[in-house]
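Below, each value reflects all heavy atoms present in this structure, side chains not excepted, and no hydrogens, waters or symmetry copies. Each chain gets a letter, A, B and so on, in the order the sequences are listed, and its residues count up from 1.
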2 protein chains.
Amino acid sequence: MDKAVFIRESIYFLHRYMMKSLQKQAEDHGVTIPQARVIGDVYAHKIVSIKQLSQNLKMTQSTVSDIVERLVSKGFLVKTANANDKRVVDISLSAELAEDINESILQIANESLTGVLNLLTPNQQEKIVEGMQLLVSAVKEKMKAEGMDNYQFFDILYFSNDQNNKNRI
Amino acid sequence: MDKAVFIRESIYFLHRYMMKSLQKQAEDHGVTIPQARVIGDVYAHKIVSIKQLSQNLKMTQSTVSDIVERLVSKGFLVKTANANDKRVVDISLSAELAEDINESILQIANESLTGVLNLLTPNQQEKIVEGMQLLVSAVKEKMKAEGMDNYQFFDILYFSNDQNNKNRI
DNA sequence: ATAATATGAATCGCATACGATGTATCGTAT
DNA sequence: ATACGATACATCGTATGCGATTCATATTAT
């Protein structure tokens, strides 16, 4: 079978598995995966802007805006106008959520894949990581060659320069 | 960095790259990637039902139904009632599309990733494939363990038993 | 033969996801 | 001081993607 086909289908498959499996866990908390990711990032930074969230989570500003809006209406997040720059909206956890912020809600995103990796030997895990690194590097190279404008897009996987980012989902 | 985190983010990244990059190519033909996938499968089978498409492309029946509907309204596909079973809808290429069905529209999905792989040595490509196989196998095992009901879901990457499936996008 | 059940598809509601556009605000150049 | 461009965000339109429900048609059981 063609390698490209296999790889493409694999990525499709893995992505779908992640979304599906993680969602099943997340819905116990009444949130979706993207919502959990946003909450995790807000939790890690205490206060963030839409712009920052967009960069941290590698989603467009409009998508983040939508998700935040739903989380606000659910009472999980709070929006306040930024004093220094009225264009900016400060996003933080709501009082209730901040109180009993559940560690589980923050780790939803990793549990499932960790379980998968536990089925494999460290050696096999290493192979997967290596292959993944090769592919990601090649894709980045291709993107650069094609002049894919979104430079922020490149930052993914590097967790940027932000040290507070460790708790990010 | 945690392996699980790296892998999860990588899959996210790769999936996004595929969708974004492929879409750029596809929109020259006035279709999206999922639409191209549907057209490819219809092209390969000449006549298919929603159910079959759903199984071949690993999307839910409702999603396929929506996409087919858009392609019909664009004049790319045609729906006809099945004679043997009135519940079934036969889907085929429209006359115009069938005439000048562009090979390019069928290969949209692979071009991009092929370009990426060309940046790598055969040896590196093999590593990626191996790692991917390991991960996919592990995920399938996990799914089985968790009793993820969708058995059809498992078939992905196997291209089923259908020999006509070779041209599938 | 009729009732109960199963199946194929359409539809609805919701949640991403993105580009394009509009609006308010900020900085800066003139 | 004003005008212009840049920035941050919201909003709209469109396209997935999925589960739940509905509807018509088949199939099966009684």
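A side-chain N or O of B/T63 and one of B/T60 form a donor-acceptor pair less than 3.5 Å apart.
Atom CE of A/M59 and atom P of C/dC18 are 8 Å apart (whole Å). Whole-Å rounding puts the B/F76 CZ to D/dA15 P distance at 12 Å. In this structure, the CD1 atom of B/I33 is 17 Å from the P atom of C/dA17, given to the nearest Å. We find that CG of A/N82 is positioned 13 Å from P of D/dA10, with the value rounded to whole Å. B/K86 places its NZ atom 12 Å from the P atom of D/dT27, with the value rounded to the nearest Å. Atom CG of A/L53 is separated from atom C1' of C/dA17 by 16 Å (rounded to the nearest Å). Nucleotide C/dT16 holds its P atom 19 Å from the NZ atom of B/K20, rounded to whole Å. Between the NE2 atom of B/H15 and the P atom of C/dT16 there is a distance of 15 Å, rounded to whole Å.
The phosphate of C/dC18 (OP1 or OP2) has a side-chain N or O of A/T60 nearer than 4.0 angstrom. The shortest distance between the side-chain N/O atoms of A/S65 and the OP1/OP2 oxygens of D/dC9 is not below 4.0 Å.
At a cut-off of 3.5 angstrom, the base of C/dG19 holds at least one donor-acceptor pair with the side chain of A/S62.
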Between protein and nucleotides 5-8 of chain D, what N or O pairs are separated by less than 3.5 Å?
residue : atom : partner : partner atom : Å
D/dT7   : O4'  : A/R87   : NH1          : 3.4
D/dT7   : O2   : A/R87   : NH1          : 2.8
D/dA8   : OP2  : A/K51   : NZ           : 3.1

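Checking C/dC18, C/dC26, D/dA10 against the side-chain heavy atoms of A/K79 singles out D/dA10 as nearest. For B/R16, whose side chain is taken as the heavy atoms from C-beta onward, the closest listed nucleotide among C/dC18, D/dG17, C/dT16 is C/dC18.
Salt bridge status for A/E9 with B/K58: absent, with no side-chain N to carboxylate O gap under 4.0 Å.
Shown here, C/dA20 forms a base pair with D/dT11; the pair counts as Watson-Crick or G-U wobble because both key distances fall under 3.5 Å.
The cationic group of B/R37 lies under 6.0 Å from the six-membered ring centre of A/Y12 and within 45° of the ring axis, placing it in a cation-pi geometry.
By the 30° and 60° cut-offs, the orientation of the rings of A/H15 relative to B/H15 is parallel.
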